[in-house]
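Just so it is clear, the structure is predicted and the values come from calculations on it, not from any experiment.
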Amino acid sequence: MIPSAPSNSRAPRATGPAWLALLASVAVTGTAAAIAARSSVTSAAFYAQLDKPAWAPPPWLFGPVWSLLYLLMALAAWRAWRAAGRDARGALGLYAAQLVLNALWTWLFFVRHVGLWATVEVLVLWVAIVATLVAFRRHDRPAALMLAPYLAWVSFASALTIAVWQRNPALL
């Protein structure tokens with residue numbers, strides 16, 4: 001049995017089967033993850049060519065980290081919806097926007113190899129994640145907390161994007 005989110009006295013709770021909403025949240029987030037993964041099919045070879053700072057993580061770490069982050073993101077969106085129902089539309093709109101931005105970074109960096117635009121985009125993504133976290137917090141504190149590791153990782157990824165772009169002007 002899937003536990004439901006605690007009620008929020010400021011907004012009506014969503015109605016309907018919780019498992020169906022959870023499945024939809026995982027499907028939407030999983031689709032975004034799949035689009036990003038498809039954009040990075042050749043990323044291993046490209047990433048290997050890049051001059052990276054000593055603090056760059058090993059390539060094998062990205063898959064497990066992103067898998068966990070996408071799962072937490074899906075659960076956070078589900079909790080926000082369960083806690084607020086229709087009142088979560090704005091928060092879920094921000095969530096959808098940051099999913100698109102997340103996939104766009106992968107395409108800009110790994111497919112198009114445009115370091116400047118990938119850098120600008122990852123900073124916009126960071127702002128979108130903060131806005132989503134704040135919006136989720138209004139409906140469900142645990143949902144916001146579930147986005148905190150994602151924000152931390154994208155903060156790190158932003159610094160890494162900038163460092164790699166600066167070190168590889170011929171490739172990016």
Side-chain angles (χ1 to χ4, degrees), residues 1-40 55-57 61-110 117-163:
M1 181 169 176
I2 299 171
S4 58
S7 64
N8 183 334
S9 60
R10 293 178 289 167
R13 282 181 53 108
T15 58
W19 66 268
L20 189 57
L22 180 58
L23 183 63
S25 182
V26 169
V28 167
T29 305
T31 299
I35 290 168
R38 183 160 171 83
S39 294
S40 65
W55 48 270
L61 186 62
F62 289 95
V65 167
W66 276 112
S67 296
L68 176 60
L69 293 175
Y70 276 115
L71 177 61
L72 286 171
M73 291 160 56
L75 292 172
W78 173 72
R79 284 191 61 97
W81 176 80
R82 288 291 296 160
R86 288 180 183 251
D87 287 349
R89 283 183 296 199
L92 293 174
L94 287 169
Y95 178 77
Q98 67 79 30
L99 282 177
V100 170
L101 289 167
N102 187 311
L104 179 60
W105 179 89
T106 304
W107 182 78
L108 289 170
F109 192 87
F110 286 114
W117 290 110
T119 297
V120 169
E121 196 281 343
V122 78
L123 297 174
V124 172
L125 170 61
W126 189 91
V127 170
I129 296 167
V130 169
T132 304
L133 190 149
V134 168
F136 278 13
R137 171 67 178 92
R138 289 184 193 127
H139 302 298
D140 186 66
R141 187 168 191 261
L145 292 173
M146 288 178 178
L147 292 182
Y150 177 40
L151 180 62
W153 183 258
V154 171
S155 297
F156 173 75
S158 298
L160 185 59
T161 298
I162 293 165

Checklist outcome for this item: The reported gap from CG in L101 to CG in L123 (rounded to nearest 0.5 angstrom) is 11.5 Å
Checklist entry - What pair of heavy atoms forms the shortest contact from L94 to A135, and how long is it? => result CD1-CB, 3.8 Å
Checklist outcome for this item: Rounded to the nearest 0.5 angstrom, the CZ-OG1 distance for F109 and T119 is 8.0 Å
Item to check | Result of checking L125, V127, T132 against I129 for side chain to side chain contact (heavy atoms under 4.5 Å, CB included) | outcome: L125
Item to check | Gap separating the CG atom of L104 from the CG atom of L99, nearest 0.5 angstrom | outcome: 12.5 Å
Checklist outcome for this item: d(Y70 OH, L75 CG) to nearest 0.5 Å is 15.0 Å
Item to check | Matching residue for W105 among F110, W66, W117 - test: ring-ring contact (aromatic ring centres under 6.0 Å, His included) | outcome: F110
Under 3.5 Å donor-acceptor pairs involving side-chain atoms of residues 141-160, not counting sequence neighbours:
residue: Y150; atom: OH; partner: Q98; partner atom: OE1; Å: 2.4
residue: Y150; atom: OH; partner: N102; partner atom: ND2; Å: 2.9
residue: S155; atom: OG; partner: W126; partner atom: NE1; Å: 2.7
residue: S155; atom: OG; partner: L151; partner atom: O; Å: 2.8
residue: S158; atom: OG; partner: V154; partner atom: O; Å: 2.7

Checklist entry - Is there a side-chain contact between M73 and Y95, using heavy atoms and a 4.5 Å cut-off? => result yes
